[in-house]
Amino acid sequence: MDQTIFQNQQTLEHEKIKLIPLEVHDSPSLFEANHQEIWRFMLSEIQTLDEMEQWVRSAVRLREQEKALPYAVLLKDGNRIIGTTRLFDINLEQRSCELGSTWYAKEFQRTFVNSVCKYLLLSYCFEDLGMVRVQFKTDERNIPSQRAIERLGAVKEGVLRNERILSSGYIRNAAVYSIVNEDWLKVKQGFADRDQKYQTMGIGNSPAE
């Protein structure tokens, strides 16, 4: 696997969405998309533009340290940044990573956006990077997130007890899921089936992902 993926982070593109390398100058756009419900189960909580800029700088620093590939989610219609996601804990030798730190503006939750972003990232992982494992973790209390991960076709592997201490002081348990390379063709077909539903129903009535 090519180490230059960090220095030359690729843009991932769909007809409606672009995943572009996250940069500090994206902070105001992300703050505009921000809403407090996002942070209920996240490791930190963003309330000010300065905090958002610090959060983005931290993500960019992980890329510089060759540990993560953070993305801004760009809606092509209006050229608007509506959220963020990333690949992290990237192990090139073991060909594995985690997909997470994902959130979207409130109006784009439970729409086509999450499905498209996950398709772009998973395709990149399995078809371009040759990953053998992509992991997901989410707060055990966050049932909607677990259901969304399960709809992707990910397999629940268990629960890590006392996995993280959140900024609120709460000690969370984390549900762990994975998709491995043997799963990818079936998972990819699932994306195609959902995309067909979206085409039939229209964006505004898309089933939740």
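Note that the structure is predicted; figures quoted are calculated from it, not measured. Just so it is clear, the values below take in all heavy atoms, side chains as well, and ignore hydrogens, waters and symmetry mates.
In this structure, Asp89 and Cys97 have side chains that are not in contact, with every pair of non-hydrogen atoms separated by 4.5 Å or more. Counting only heavy atoms from C-beta outward, the side chains of Gln36 and Glu45 approach each other to under 4.5 Å. Under the 4.5 Å side-chain criterion, counting only non-hydrogen atoms from C-beta, Leu87 is in contact with Leu121. Taking the side chain as every heavy atom from C-beta outward, Arg151 and Asn114 never approach each other to under 4.5 Å. Taking 4.5 Å as the limit, every side-chain heavy atom of Thr102 sits out of range of all side-chain heavy atoms of Thr84. By the 4.5 Å heavy-atom criterion applied to side chains, Ser58 and Val60 are not counted as neighbours. Counting heavy atoms from C-beta on, the side chains of Lys76 and Lys16 never come closer than 4.5 Å. Residues Leu99 and Ile179 are not in side-chain contact: their nearest non-hydrogen atoms beyond the backbone lie 4.5 Å or more apart.
Hydrophobic clustering (side-chain heavy atoms under 4.5 Å, transitive across Ile, Leu, Val, Met, Phe, Trp, Tyr) keeps Tyr177 apart from Phe88. By the criterion of side-chain heavy atoms lying less than 4.5 angstrom apart, applied directly or through intervening Ile, Leu, Val, Met, Phe, Trp or Tyr residues, Val134 is not grouped with Leu62; the two fall into different hydrophobic clusters. Both Leu75 and Tyr119 are part of a single hydrophobic cluster, where members link through side-chain heavy atoms under 4.5 Å apart. In the hydrophobic clustering of this structure, Val73 does not group with Leu22; members are Ile, Leu, Val, Met, Phe, Trp, Tyr whose side-chain heavy atoms approach within less than 4.5 Å, directly or through other members. Following chains of ILVMFWY side-chain contacts shorter than 4.5 Å, one can reach Leu122 starting from Ile90, so the two form part of one hydrophobic cluster.
No donor-acceptor distance shorter than 3.5 angstrom exists from the side chain of Ser178 to the backbone of Val180, with no hydrogens or angles considered. Judged purely by atom type and a 3.5 angstrom limit, Ser115 has no side-chain atom pairing as donor or acceptor with the backbone of Phe112.
A side-chain N or O of Glu66 and one of Gln7 form a donor-acceptor pair less than 3.5 Å apart. A donor and an acceptor atom, one from each side chain of Thr138 and Gln146, are nowhere located under 3.5 Å apart.
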ask   = Under the side-chain hydrogen bond (donor to acceptor under 3.5 Å, both in side chains) criterion, do Gln65 and Arg63 qualify, and how do the steps go?
value = CA-CA 5 Å; Gln65 295 169 349; Arg63 180 174 59 219; over 6 Å; no
message = Assess the residue pair Glu157 and Arg133 against the criterion (salt bridge (Lys or Arg N to Asp or Glu O under 4.0 Å)); give the C-alpha distance rounded to whole Å, side-chain angles, the decisive distance to 0.1 Å, and a yes or no.
response = CA-CA 13 Å; Glu157 298 180 329; Arg133 172 186 171 85; 2.8 Å; yes
message = Determine whether Ile17 and Val113 satisfy the following criterion, side chain to side chain contact (heavy atoms under 4.5 Å, CB included), listing intermediate values before the conclusion.
response = CA-CA 8 Å; Ile17 292 288; Val113 170; 4.3 Å; yes
query = Does the pair Ile5 and Gln10 meet the rule for a side chain to side chain contact (heavy atoms under 4.5 Å, CB included), with working shown?
reply = CA-CA 7 Å; Ile5 61 171; Gln10 288 188 28; over 6 Å; no
query = After noting the C-alpha distance and the side-chain angles of Arg194 and Leu152, does the key distance pass the side chain to side chain contact (heavy atoms under 4.5 Å, CB included) rule?
reply = CA-CA 10 Å; Arg194 284 190 292 276; Leu152 296 175; 4.1 Å; yes
request  = Please test Arg172 against Glu140 for salt bridge (Lys or Arg N to Asp or Glu O under 4.0 Å), starting from the C-alpha separation and ending with a verdict.
outcome  = CA-CA 7 Å; Arg172 81 169 192 181; Glu140 186 182 34; over 6 Å; no
key: CA sep, side-chain torsions, deciding dist, call: Met52, Gln47, side chain to side chain contact (heavy atoms under 4.5 Å, CB included)   = CA-CA 8 Å; Met52 180 64 75; Gln47 296 183 333; over 6 Å; no
task = Before giving the answer on salt bridge (Lys or Arg N to Asp or Glu O under 4.0 Å), spell out for Glu107 and Arg80 the whole-Å C-alpha distance, their side-chain angles and the decisive distance to 0.1 Å.
result = CA-CA 13 Å; Glu107 67 193 274; Arg80 175 184 170 194; 2.8 Å; yes
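Within the structure, ring-ring contact (aromatic ring centres under 6.0 Å, His included) contacts touching residues 16-39 (residues at least two apart or in different chains) are Trp39-Trp55, Trp39-Trp103. Pairs passing the ring-ring contact (aromatic ring centres under 6.0 Å, His included) check and including a residue from residues 122-173, sequence neighbours excluded, read Phe126-Trp184. Annotation: salt bridge (Lys or Arg N to Asp or Glu O under 4.0 Å) contacts involving residues 177-186, sequence neighbours excluded, are absent.
One distance of note links CZ of Arg57 with CD of Glu64; it measures 10.0 Å at 0.5 Å rounding. Interatomic distance, Cys125 SG to Met131 CE, rounded to the nearest 0.5 Å: 5.0 Å. Lys137 NZ to Ser101 OG: the interatomic distance, rounded to the nearest 0.5 Å, is 9.5 Å. In this structure, Tyr71 OH and Arg86 CZ are separated by 12.0 Å, a value rounded to the nearest 0.5 Å. Between the CG atom of Leu74 and the NE2 atom of His14 there is a distance of 13.5 Å, given to the nearest 0.5 Å. Here CG of Leu92 is found 8.0 Å from CG of Leu129. Values are rounded to the nearest 0.5 Å.
With respect to the salt-bridge test (charged N to carboxylate O, under 4.0 angstrom), the residues Lys106 and Glu37 do not qualify. The existence of a salt bridge linking Glu150 and Arg147 is confirmed by a sub-4.0 Å separation between a basic side-chain nitrogen and an acidic carboxylate oxygen.
The minimum heavy-atom distance between Cys117 and Tyr104, with the atom names listed, is CB-OH, 3.6 Å. The two atoms that bring Ala33 and Ile38 nearest to each other are O-CD1, 4.4 Å, heavy atoms only. Looking at every heavy atom in both residues, Lys156 comes nearest to Val159 through CE-CG2, 4.4 Å. Heavy atoms only, all atoms of each residue included: Ile20 and Thr11 are closest at CG2-CG2, 4.0 Å. Scanning all heavy atoms of the two residues, the minimum distance from Ile81 to Ser29 falls at CB-CB, 3.9 Å. Nearest heavy-atom pair, Ala72 versus Asp26, reported as atom, atom and distance to 0.1 Å: CB-OD2, 4.1 Å.
In this structure, Asp77 places its CG atom where only 12 or fewer heavy-atom neighbours from other residues, nucleotides or ligands lie under 6.0 Å away. By the 6.0 Å contact criterion, CG on Leu49 is enclosed, its count of non-hydrogen atoms from other residues, nucleotides or ligands being greater than 12.
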